[in-house]
Amino acid sequence: MDFALPAPPVPSLPIAGSATRFPLHRIYCIGRNYAEHAREMGAEAPRTQPMFFMKPADAIVTDDADVPYPSATGELHHEVEMVVALARGGRDIAPEHALECVFGYGVGLDLTRRDLQAAAKAKGHPWDAAKGFDHSAPVSALQPVGAVGHMENLRLTLEVNGELRQQAGTADMIFPVAAIIAELSKLWELKPGDLVFTGTPAGVGTLQRGDQVRAELAGVAVLEARIV
Ligand code: MN
């Protein structure tokens with residue numbers, strides 16, 4: 001096919017222990033998936049209906065690259081999250097088959113312009129400018145599921161300049177991974193290459209230029225990022 005302009009590159013993530021990379025299709029995110037974080041944001045934890053939003057695939061930051069402080073905010077927040085990468089997709093995926101879609105796991109930051117998000121919430125406006133900005137999705141290398149299996153409960157932590165800011169066990173998620181995949185597939189046809197941010201625990205807070213961030217999903221993945 002002849003394109004009128006140079007075709008955009010395919011965003012991709014490194015895979016632990018492999019020279020090949022994971023080609024990225026879409027980035028889905030679930031909000032309010034840990035009860036304590038929902039409470040700290042002044043929101044009710046959902047019981048039956050998860051709340052989803054998206055980031056553009058080219059918002060990804062990989063290979064521990066520096067993260068530029070975004071424009072138009074004075075309140076950049078960190079949200080550490082387990083990230084799930086899909087090798088298979090589909091529509092209306094049954095929860096009992098959802099984990100068969102998983103390629104691997106990693107850890108990521110759902111970076112947020114919290115001031116713009118608060119303004120959007122107050123006006124009932126969409127969250128795109130608060131959540132889907134450039135460089136808003138730093139993610140670690142992916143750990144293929146064959147290397148680690150599907151884990152019931154993993155320790156998720158975030159340190160800023162060596163100080164512990166967020167910690168939780170992934171078993172505290174309101175909607176576990178299989179439920180998230182099943183619910184997403186009712187709304188969108190999932191595809192190989194999709195990435196899912198699974199929500200953040202309590203303890204979100206601000207980042208400044210110069211901060212050194214370390215996110216870890218114990219035994220699976222580590223992400224290092226410097227805000228510049
Ligand atoms: Mn989040």
Side-chain angles (χ1 to χ4, degrees), residues 13 24 26-47 49-57 59-62 67 69-70 73 75-86 105-121 125-140 142 154-160 164-177 179-181 183-184 187-188 194-207 211 213-217 220-221 223 225 227:
L13 291 91
L24 185 55
R26 288 181 182 166
I27 304 175
Y28 295 99
C29 307
I30 183 170
R32 300 171 189 160
N33 202 25
Y34 289 80
E36 268 185 58
H37 170 65
R39 276 194 288 276
E40 77 179 345
M41 299 307 296
E44 284 288 307
R47 287 179 184 80
Q49 193 63 44
M51 189 268 288
F52 296 117
F53 59 93
M54 295 168 81
K55 292 174 183 266
I60 199 94
V61 179
T62 65
V67 177
Y69 194 95
T73 184
E75 196 180 19
L76 175 66
H77 266 205
H78 55 72
E79 296 191 359
V80 66
E81 309 201 2
M82 179 168 80
V83 171
V84 181
L86 302 189
Y105 296 92
V107 65
L109 299 176
D110 168 15
L111 294 178
T112 303
R113 286 168 166 149
R114 192 71 73 197
D115 43 2
L116 297 198
Q117 187 194 33
K121 283 180 179 175
H125 285 179
W127 287 10
D128 301 64
K131 288 290 196 179
F133 53 91
D134 296 340
H135 312 289
S136 60
V139 178
S140 69
L142 297 174
L154 291 174
R155 185 173 146 83
L156 182 64
T157 55
L158 181 93
E159 294 176 3
V160 180
L164 186 63
R165 294 268 191 98
Q166 292 186 266
Q167 62 172 326
T170 55
D172 292 341
M173 291 194 296
I174 296 167
F175 295 95
V177 171
I180 295 171
I181 292 170
E183 290 294 326
L184 278 171
L187 296 165
W188 294 277
D194 285 339
L195 201 63
V196 184
F197 278 67
T198 59
T200 198
V204 300
T206 56
L207 292 169
D211 281 348
V213 181
R214 184 178 192 279
E216 181 170 7
L217 187 62
V220 174
L223 166 68
I227 311 299

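Keep in mind that this is a model prediction, so the values were computed, not measured. Both counts, for ligands and for their atoms, begin at 1 and track the order of listing. Each residue takes its place number in the sequence, starting with 1.
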Restricting to N, O or S, what is the name of the atom of E79 that lies nearest the Mn ion (ligand 1)?
OE1
Donor-acceptor under 3.5 Å (S136 side chain, L111 main chain):
no
Is the shortest distance from a Lys or Arg side-chain nitrogen in K55 or D128 to a carboxylate oxygen in the other one below 4.0 Å?
no
Could you state the interatomic distance from CG (L207) to CD (E75), rounded to the nearest 0.5 Å?
11.0 Å
Which atom, counting only N, O or S, brings D110 closest to the Mn ion (ligand 1)?
OD2
Can you tell me how the ring of F52 sits relative to the ring of W188, calling it parallel under 30°, perpendicular over 60° and tilted otherwise?
perpendicular
Taking the N/O/S atoms of E81 one by one, which is nearest to the Mn ion (ligand 1)?
OE2
